[in-house]
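All heavy atoms count here, side chains included; hydrogens, waters and symmetry mates do not. First listed ligand is number 1; within each ligand, the first listed atom is number 1. Every value quoted in this text rests on a predicted model; they were computed, and no experiment measured them.
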Amino acid sequence: MTGAASSAVNLGGRSLTRIGLGTNRLTERAEHVAFVKDAVAAGIELVDTAHVYADGESERTLGTALSEGEDDVLVATKGGYGDGRPDVIASQIEESLRRLQTDAIGLYYLHKVDGDVPIEESVGAIKEQQERGRVRHVGVSNVSLEQLERARKVASIEAVQNHYNLSERGSDDVIDHCAEQGIVFVPYFPLRAGGGAGVREIADRRGATPAQVVLAWLLRRSPTMLPIPGTLSADHVRENLGALALELSEDEVASLR
Ligand SMILES: NC(=O)c1ccc[n+]([C@@H]2O[C@H](COP(=O)([O-])OP(=O)(O)OC[C@H]3O[C@@H](n4cnc5c(N)ncnc54)[C@H](OP(=O)(O)O)[C@@H]3O)[C@@H](O)[C@H]2O)c1
């Protein structure tokens, strides 16, 4: 159930700090560009966006903030939300490359399986772009274990992104499988967790914040877990990174079960 707490995880051969940044509310304002640069300076190494976020403004803002490339940050984006046809995904990848001002996307997820298109075809479109050098690593999002295994027959899947937190545990089987296979599991909505008095009590006792306790629980749940709390606050970025130093005891984990 639990894994040793290490502050880094391996994604396709590169080491990443196990707290990333979700950016679905990022818009093209100077203060948001500055915020992204500050988050990377604070230690964020994985930034999560998608073709659909803020009508493309999230990707464009990241392009402006990170295009100079001196920072060692992996930008993950996603496509195929609502339409997983290969030609749609191919054109969304072209658009994401332009918006992100890059020649290659670090990690590209199929955002959601299209009920009318077999996952093999959607992932195959991403794999084709990987073979052309335009996508470095491939991921899948909102998948069951069965869908993950089908995707893995088409491409090497380095990351899975599903809804998971203290109160939403539907992906337990996927998480255990990812840990066994060395696949990074990226829980979205990591902070939308209940936990109530139990979380607050641990936070007070450990001199931490409730957000740090909830993140520390996720980090402990699996050694390949890499949460991406969404924030527009530089203080919250630092607070969330601070969860890496909070190791929960067995008793604390049991009390949150
Ligand atoms: N694959 C998918 O289908 C999918 C779906 C949804 C989301 N996502 C991704 O997952 C990311 C995370 O999801 P989310 O941002 O919706 O939910 P979340 O990370 O669970 O929660 C974000 C909320 O928590 C607040 N927050 C962040 N750090 C905090 C802290 N230390 N203390 C108190 N409040 C804090 C944020 O407000 P402040 O701005 O005030 O910090 C924001 O209101 C998204 O940004 C997106 O990249 C993926």
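- Shortest contact from atom 44 (C) of ligand 1 to any protein heavy atom: Asn24 OD1, 3.5 Å.
- The pair Glu57-Arg29 does not meet the salt-bridge criterion, since no charged nitrogen lies less than 4.0 angstrom from a carboxylate oxygen.
- Contact between Tyr53 and ligand 1 is present, with at least one heavy atom of the residue lying under 4.0 Å from the ligand.
- Considering only non-hydrogen protein atoms, atom 38 (P) of ligand 1 sits nearest to Thr231 OG1, 3.5 Å.
- Close contacts of ligand 1 with Lys78, meaning ligand atoms under 4.0 Å from a residue heavy atom, involve 1 (N).
- Every atom of ligand 1 is numbered from 1 in the order shown, and the set under 4.0 Å from a heavy atom of Ser141 is 1 (N), 2 (C).
- Every atom of ligand 1 is numbered from 1 in the order shown, and the set under 4.0 Å from a heavy atom of Glu239 is 30 (C), 31 (N), 32 (N).
- Atom 34 (N) of ligand 1 has its closest protein heavy atom at His236 CE1, 3.6 Å.
- Ion pair Arg60/Asp55 not flagged as a salt bridge, since none of the NZ, NE, NH1 or NH2 atoms sits closer than 4.0 Å to an Asp/Glu carboxylate oxygen.
- A salt bridge is defined here as a Lys NZ or Arg NE, NH1 or NH2 lying under 4.0 Å from an Asp or Glu carboxylate O, and Glu250 with Arg220 meets this definition.
- When heavy-atom distances to ligand 1 are checked against a 4.0 Å cut-off, His111 comes that close only through its side chain, counted from C-beta outward.
- When only non-hydrogen protein atoms are considered, atom 39 (O) of ligand 1 lies nearest to Arg25 NH2, 2.9 Å.
- Of the protein's non-hydrogen atoms, Leu191 CB, 3.9 Å is the one closest to atom 21 (O) of ligand 1.
- When heavy-atom distances to ligand 1 are checked against a 4.0 Å cut-off, Asn162 has no atom that comes that close, whether in backbone or side chain.
- Atom numbering of ligand 1 starts at 1 in the shown order; those under 4.0 Å from a heavy atom of Pro229 are 19 (O).
- Remark: distances from the non-hydrogen atoms of His163 to ligand 1 are all 4.0 Å or more.
- For Arg150, the salt bridge (Lys or Arg N to Asp or Glu O under 4.0 Å) partners are Glu120, Glu146, not counting sequence neighbours.
- Scanning Gly230, Pro227, Ala193 for the heavy atom closest to atom 36 (C) of ligand 1 points to Gly230.
- At a threshold of 4.0 Å, the pair Asp172-Arg221 counts as salt-bridged, since one of the basic side-chain nitrogens sits closer than that to a carboxylate oxygen.
- Expressed to the nearest 0.5 Å, how far NE2 of His111 lies from OG of Ser141 amounts to 5.0 Å.
- Per-residue contacts place Ala211 under 4.0 angstrom from the following atoms of ligand 1 (heavy atoms of the residue considered): 30 (C), 31 (N), 32 (N).
- Per-residue contacts place Asn142 under 4.0 angstrom from the following atoms of ligand 1 (heavy atoms of the residue considered): 1 (N), 2 (C), 3 (O).
- Numbered from 1 in the order shown, with element, the atoms of ligand 1 that lie under 4.0 Å from a heavy atom of Arg192 read 16 (O), 20 (O).
- Protein heavy atom closest to atom 12 (C) of ligand 1, with residue, atom name and distance, is Ile228 O, 3.2 Å.
- In terms of protein heavy atoms, atom 16 (O) of ligand 1 is closest to Phe189 CE2, 3.2 Å.
- Electrostatic pairing of Arg99 and Glu95 counts as a salt bridge here, judged by a charged N lying under 4.0 Å from a carboxylate O.
- By the 30° and 60° cut-offs, the orientation of the rings of His163 relative to Phe189 is perpendicular.
- Residue Asp48 approaches ligand 1 through these ligand atoms, each under 4.0 Å from one of its heavy atoms: 9 (C), 46 (C), 47 (O).
- In this structure, Tyr81 belongs to a hydrophobic cluster whose other members, linked by side-chain heavy atoms under 4.5 Å apart, are Val52, Tyr53.
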Evaluate the criterion salt bridge (charged side-chain N to carboxylate O under 4.0 Å, His left out) for residue pair Arg14 and Asp72; output intermediate values, then yes/no. CA-CA 10 Å; Arg14 67 173 287 174; Asp72 192 21; 3.1 Å; yes

